S.K.: 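Sharing a structure, written as structure tokens. Questions coming.
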Amino acid sequence: MTELDSLDTLLRRRHSCRGFLPDAVPDEVIARIVETAGRAPSWCNSQPWQVIVTRPAETDILRDKLLAGMGSPEGGRPDLPFPSAYTGQHQERRRTCGWQLYDAVGVTKGDRAGSAKQAAENFRLFGAPHTAILTSGTELGPYGAMDCGGFILAFCLAAEAAGVGCIPQAAVASMAPMLHDHFAIPEDRMVLCALTFGYEDTSHPANGFRTDRAPLADILDMRG
């Protein structure tokens, strides 16, 4: 097996984990995941990423604050603007993923209470023992955020390689004002997302589906 084959296998195995066991991940494993993710490329080697990682007790405190903040003025105010719309193939892929999740956890069409409960799972951090709040330098703007996309992928792959489940969460970034206050994050850094992680609960129904990927013809345009 080539290194490319090994990478492809890891990418195919990785998925967004939405149900976790309560067991803590050892500090040394967390440090190795973050160190490995820090090998991601960045413009001019600026390495704009920083993460605040919570251990279980701190995760519980944050979880309570996130749940309490749902629907409050603190919510809906991300540092980096969310997409203004999803249309065409982006809308279709988003919708398909959403219905796959709902089908897995038993939420039927029109079940507003069920869909609201599942949405709240984002702020419950899916019961995970850890989360990592990812920030980038505000002065770097969209390009700093783009570089952090590489860090996110590297973090997810490093976690998968270490036997740790992970899910990047934009929803948590909607609580940016609270996160700035709670973690004393300075204003010269913008909150991008959370990387929530722990050991996967393989029996959880939300972990029982996998999303598709676009065919190569949809993403590759070779010229000349």
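Everything numeric in this text was worked out from a predicted model, so none of it was measured.
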S.K.: Which pair of heavy atoms, one from A104 and one from F209, lies closest together, and at what distance?
M.R.: CB-CD2, 3.9 Å
S.K.: Apply side-chain contact (heavy atoms from CB on, under 4.5 Å) to residues M178 and D181 and explain how you reach the verdict.
M.R.: CA-CA 5 Å; M178 183 274 285; D181 180 67; 5.7 Å; no
S.K.: For the residue pair A173 and L192, what are the closest heavy atoms and their distance?
M.R.: CB-O, 3.4 Å
S.K.: Run the side-chain contact (heavy atoms from CB on, under 4.5 Å) test on F20 and V164 for me, step by step, so that the C-alpha distance in whole Å, both residues' side-chain angles and the decisive distance to 0.1 Å come before the verdict.
M.R.: CA-CA 10 Å; F20 295 87; V164 174; over 6 Å; no
S.K.: Hey, does the side chain of S42 reach the backbone of S46 with a donor-acceptor pair shorter than 3.5 angstrom?
M.R.: yes
S.K.: What is the minimum heavy-atom distance between T59 and P129, and which atoms define it?
M.R.: OG1-O, 2.7 Å
S.K.: A side-chain contact here means heavy atoms from C-beta on lying under 4.5 Å apart; do V172 and L125 qualify?
M.R.: yes
S.K.: Pair R14, C156 - check side-chain contact (heavy atoms from CB on, under 4.5 Å), show working.
M.R.: CA-CA 7 Å; R14 187 219 68 83; C156 290; 3.7 Å; yes
S.K.: Are I33 and W49 connected into the same hydrophobic cluster when the rule is that any two of I, L, V, M, F, W, Y join if their side-chain heavy atoms are below 4.5 Å apart?
M.R.: yes
S.K.: Between N207 and G19 (side chain of the first, backbone of the second, donor and acceptor by atom type, cut-off under 3.5 Å), is there such a pair?
M.R.: yes
S.K.: Once you round to the nearest 0.5 Å, how far does NZ of K65 lie from CE of M175?
M.R.: 12.0 Å
S.K.: May I ask you to decide whether D111 forms a salt bridge with K109, counting only side-chain N to carboxylate O separations under 4.0 Å?
M.R.: no
S.K.: Decide yes or no on side-chain contact (heavy atoms from CB on, under 4.5 Å) for H15 and E200, but give the supporting numbers first.
M.R.: CA-CA 11 Å; H15 65 280; E200 179 180 358; 3.1 Å; yes
S.K.: In terms of hydrophobic clustering (I, L, V, M, F, W, Y; side-chain heavy atoms under 4.5 Å; direct or indirect links), are Y199 and I30 co-clustered?
M.R.: yes
S.K.: Any side-chain heavy atom of P78 within less than 4.5 Å of one from V191?
M.R.: no
S.K.: So, taking the atom named CZ in R12 and the one named CG in L10, what distance separates them when rounded to the nearest 0.5 Å?
M.R.: 12.0 Å
S.K.: Any side-chain heavy atom of P168 within less than 4.5 Å of one from S16?
M.R.: yes
S.K.: Considering all heavy atoms of both residues, which atom of S136 and which atom of A145 are nearest to each other, and what is their separation?
M.R.: OG-N, 4.1 Å
S.K.: Distance from Q89 atom CD to R94 atom CZ, nearest 0.5 Å?
M.R.: 15.0 Å
S.K.: Is the backbone N or O of R210 less than 3.5 Å from a side-chain atom of Q100, with the two atoms forming a donor-acceptor pair by type?
M.R.: yes
S.K.: Sequence neighbours excluded, which residues qualify as side-chain hydrogen bond (donor to acceptor under 3.5 Å, both in side chains) partners of D60?
M.R.: R63
S.K.: For R55, is there an ion pair with D27 - N to carboxylate O distance below 4.0 angstrom?
M.R.: yes
S.K.: Tell me whether H130 contacts the main-chain N or O of G198 through its side chain, where contact means a donor paired with an acceptor under 3.5 Å.
M.R.: no
S.K.: Side-chain heavy atoms under 4.5 angstrom apart, residues restricted to Ile, Leu, Val, Met, Phe, Trp, Tyr: same cluster for M146 and W43?
M.R.: yes
S.K.: Please determine whether residues L157 and L195 belong to a single hydrophobic cluster, defined as Ile, Leu, Val, Met, Phe, Trp and Tyr linked transitively by side-chain heavy-atom distances below 4.5 Å.
M.R.: no
S.K.: Apply the side chain to side chain contact (heavy atoms under 4.5 Å, CB included) test between Y86 and each candidate in R93, Q91, E92; give the one that qualifies.
M.R.: Q91
S.K.: Please confirm whether the backbone N or O of T2 pairs with a side-chain atom of D5, one donor and one acceptor, at under 3.5 Å?
M.R.: yes
S.K.: So, do H182 and I61 sit near enough that their side-chain heavy atoms are less than 4.5 Å apart?
M.R.: yes
S.K.: Donor-acceptor pair, distance only, cut-off 3.5 Å: does the side chain of Q118 make one with the backbone of Y102?
M.R.: no
S.K.: Contact between S174 and F123 at the side-chain level, heavy atoms closer than 4.5 Å - yes or no?
M.R.: yes
S.K.: Is it true that, when you exclude W99 itself, more than 12 heavy atoms of the residues, nucleotides or ligands shown sit nearer than 6.0 Å to its CH2?
M.R.: yes
S.K.: Any donor-acceptor pair under 3.5 Å linking the side chain of D201 with the backbone of L21?
M.R.: no
S.K.: Could you measure the distance from the CD atom of E28 to the CZ atom of R32? Nearest 0.5 Å is fine.
M.R.: 11.5 Å
S.K.: Would you check if R124 and L66 make a side-chain contact, meaning some heavy-atom pair closer than 4.5 Å?
M.R.: no
S.K.: Measuring from R189:CZ to D79:CG, what's the distance to the nearest 0.5 Å?
M.R.: 11.0 Å
S.K.: Keeping R18 on the side-chain end and A206 on the backbone end, is there a donor-acceptor pair under 3.5 Å?
M.R.: no
S.K.: If every non-hydrogen atom of C148 is compared with every non-hydrogen atom of P48, which pair is closest and at what distance?
M.R.: SG-CG, 4.0 Å
S.K.: Step through it carefully: locate the ring centre of F197, locate the ring centre of F155, and say whether they are under 6.0 Å apart.
M.R.: yes
S.K.: Could you tell me whether R13 atom CZ has more than 12 heavy atoms of other residues or ligands within 6.0 Å of it?
M.R.: yes
S.K.: Quick one: do L134 and V53 end up in the same hydrophobic cluster if we chain Ile, Leu, Val, Met, Phe, Trp and Tyr together by side-chain heavy atoms under 4.5 Å apart?
M.R.: yes
S.K.: Under 3.5 Å, is there a donor-acceptor pair between the side chain of S115 and the main chain of V107?
M.R.: no
S.K.: Could you grab the distance from atom CD1 of I185 to atom CD1 of I133, nearest 0.5 Å is fine?
M.R.: 7.0 Å
S.K.: Would you check if the side chain of T135 reaches a backbone N or O of M190 as a donor-acceptor pair within less than 3.5 Å?
M.R.: no
S.K.: With a 4.5 Å cut-off on side-chain heavy atoms, are D212 and T96 touching?
M.R.: no
S.K.: With side chains defined as the heavy atoms from C-beta onward, is the minimum distance between Q169 and C193 less than 4.5 Å?
M.R.: no
